[in-house]
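Step one of this worksheet: look at the structure below.
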Number of protein chains: 2
Amino acid sequence: MPRYNVPDVVVRRLPLYLQTLNHIAETGQKVVSSTELGRWIGVSSAQIRKDLSYFGAFGKQRLGYEVDYLRSELKRILQLDQDWHVLIVGAGALGHALVNYRAFEEQHFVIEGVLDHDEAKIGQAIGTLVVQPMSCMAQTVKERHVEIAILAVPARAAQSVADQLIAAGVGSILCYAPITLSVPDDVHVAYIDPVTTLQTMTYYL
Amino acid sequence: MPRYNVPDVVVRRLPLYLQTLNHIAETGQKVVSSTELGRWIGVSSAQIRKDLSYFGAFGKQRLGYEVDYLRSELKRILQLDQDWHVLIVGAGALGHALVNYRAFEEQHFVIEGVLDHDEAKIGQAIGTLVVQPMSCMAQTVKERHVEIAILAVPARAAQSVADQLIAAGVGSILCYAPITLSVPDDVHVAYIDPVTTLQTMTYYL
DNA sequence: GTGTGTGAAACTGTTCACAGCT
DNA sequence: AGCTGTGAACAGTTTCACACAC
């Protein structure tokens with residue numbers, strides 16, 4: 001299991017492979033070739049074989065890949081064979097949508113709390129959770145072993161909230177605000193913003 | 001203006017440059033160097049200069065870039081100097097959050113309608129819009145000149161809705177469902193899914 | 001025969017380093 | 001003197017093509 005030199009692009013493709021394998025498994029198909037898997041996702045068969053080879057040899061010569069086996073190996077590689085504890089900051093429309101998004105729990109991302117700064121939102125129920133004040137951040141992160149935070153606050157608040165999260169010990173941040181956060185090297189940040197994405201799509205139109 | 005051979009990664013960075021320039025403009029700063037801009041975003045100065053050079057020469061030797069001028073050039077390159085007409089499909093929690101997200105209109109993405117398949121949601125008001133049935137799709141796309149659709153429906157419905165959107169003439173789709181859509185070559189698809197993103201982050205934890 | 005795993009080749013993207021301009 | 005714009009060098013990523021296993 002040579003894990004040292006894996007390009008980031010490769011890691012970003014693994015969840016796609018996993019998703020597609022899950023989909024294929026639902027149809028009852030037991031074995032899949034790199035060519036077939038690639039057709040689903042729109043990548044070449046060589047790419048899939050090369051990507052997987054960074055982590056080991058999971059296929060069977062002349063057959064292809066056993067769907068269930070490759071699924072479990074991908075889950076292991078991505079550390080998805082365990083629960084992860086997530087804190088959502090921001091209880092606006094987006095925060096609501098995130099808390100209600102069933103796919104998190106299904107994929108072992110357990111939402112441990114929702115925080116907001118706004119007095120009017122604190123105490124409000126969202127699903128089985130209750131919106132808590134920002135002052136609960138450090139305690140929740142520690143007690144619930146939160147590794148990942150989802151930042152669903154306005155852009156002007158994002159950097160300050162990120163700083164607090166990092167101080168509280170959060171190692172990964174998924175940021176919905178359209179700004180680039182400044183964080184220490186050991187903190188991982190990913191960005192999701194529909195406007196930014198649309199702004200690249202218009203180039204091609 | 002040599003527009004032919006621009007790598008996709010470059011186009012994806014341009015909105016980041018624009019965002020950061022907007023931010024810098026708010027502080028009143030008139031001129032910025034590639035080094036300073038790069039520090040904000042976390043890319044090298046050479047990268048910024050090289051990226052911009054695909055589209056022309058926008059800087060002033062010994063000075064740097066005029067913030068307002070580079071902003072307007074980036075907007076022109078990305079075709080953001082005009083309104084775009086967007087249709088949202090899916091009026092669940094996510095659809096609501098999207099319709100209420102002010103940044104779309106601010107950045108000239110005008111939401112022309114929200115559709116849903118669910119009888120219970122049709123007729124419901126979201127902001128200034130009213131949820132319409134799926135049967136309105138083709139008409140809305142044509143009459144409101146919709147170029148871009150945002151797909152905020154469950155994964156199992158996404159492919160079928162995408163097919164309908166493409167048949168109606170939509171050229172770009174922003175898909176929130178965690179599946180890879182199968183579309184003709186001339187249709188552009190981008191994906192946003194928090195679970196997929198989290199699944200790559202856990203690798204590094 | 002058929003599909004994996006993998007070095008080597010081809011291609012793409014990034015960084016370097018410096019000429020040129022102001 | 002200082003910062004852009006850019007060819008050339010370098011690094012990273014993808015594709016090719018084939019040995020190998022069944």
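A, B, ... follow the sequence lines: proteins, then strands. Residue 1 opens every chain.
- For B:Lys60, the side chain to side chain donor-acceptor pair (under 3.5 Å) partners are B:Glu66, not counting sequence neighbours.
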Would you be so kind as to tabulate the donor-acceptor pairs closer than 3.5 Å made by side chains of residues 171-187 of chain B, with sequence neighbours excluded?
none

For residues 80-96 of chain A, please give each side-chain donor-acceptor pair under 3.5 Å, one per line with the distance, not counting sequence neighbours.
| residue | atom | partner | partner atom | Å |
| --- | --- | --- | --- | --- |
| A:Trp84 | NE1 | A:Gln79 | O | 2.9 |
| A:His85 | ND1 | A:His145 | O | 3.2 |
| A:His96 | ND1 | A:Ala91 | O | 3.1 |
| A:His96 | ND1 | A:Gly92 | O | 2.9 |

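- A nucleotide of DNA chain C counts as in contact with chain A when one of its atoms lies under 4.0 Å from a heavy atom; the first and last such, 5' to 3', are C:dG1 to C:dA8.
- Remark: A:Gln29 engages A:Glu36 in a side chain to side chain donor-acceptor pair (under 3.5 Å) (not counting sequence neighbours).
- With sequence neighbours excluded, the residues satisfying side chain to side chain contact (heavy atoms under 4.5 Å, CB included) with A:Asn22 are A:Leu18, A:Arg71.
- Annotation: ring-ring contact (aromatic ring centres under 6.0 Å, His included) contacts of A:His23 (sequence neighbours excluded): A:Trp40.
- Evaluation of the side chain to side chain donor-acceptor pair (under 3.5 Å) rule for B:Asn100 yields no partner, not counting sequence neighbours.
- Within residues 60-68 of chain A, the residues having any heavy atom under 4.0 Å from DNA chain D are, by residue number, A:Gln61, A:Arg62.
- The stretch residues 17-47 of chain A comes close to DNA chain C through A:Ser33, A:Ser34, each having a heavy atom under 4.0 Å from the strand.
- By the salt bridge (Lys or Arg N to Asp or Glu O under 4.0 Å) test, A:Arg62 pairs with no residue at all, sequence neighbours left out.
- With sequence neighbours excluded, no residue forms a side chain to side chain donor-acceptor pair (under 3.5 Å) with A:Thr202.
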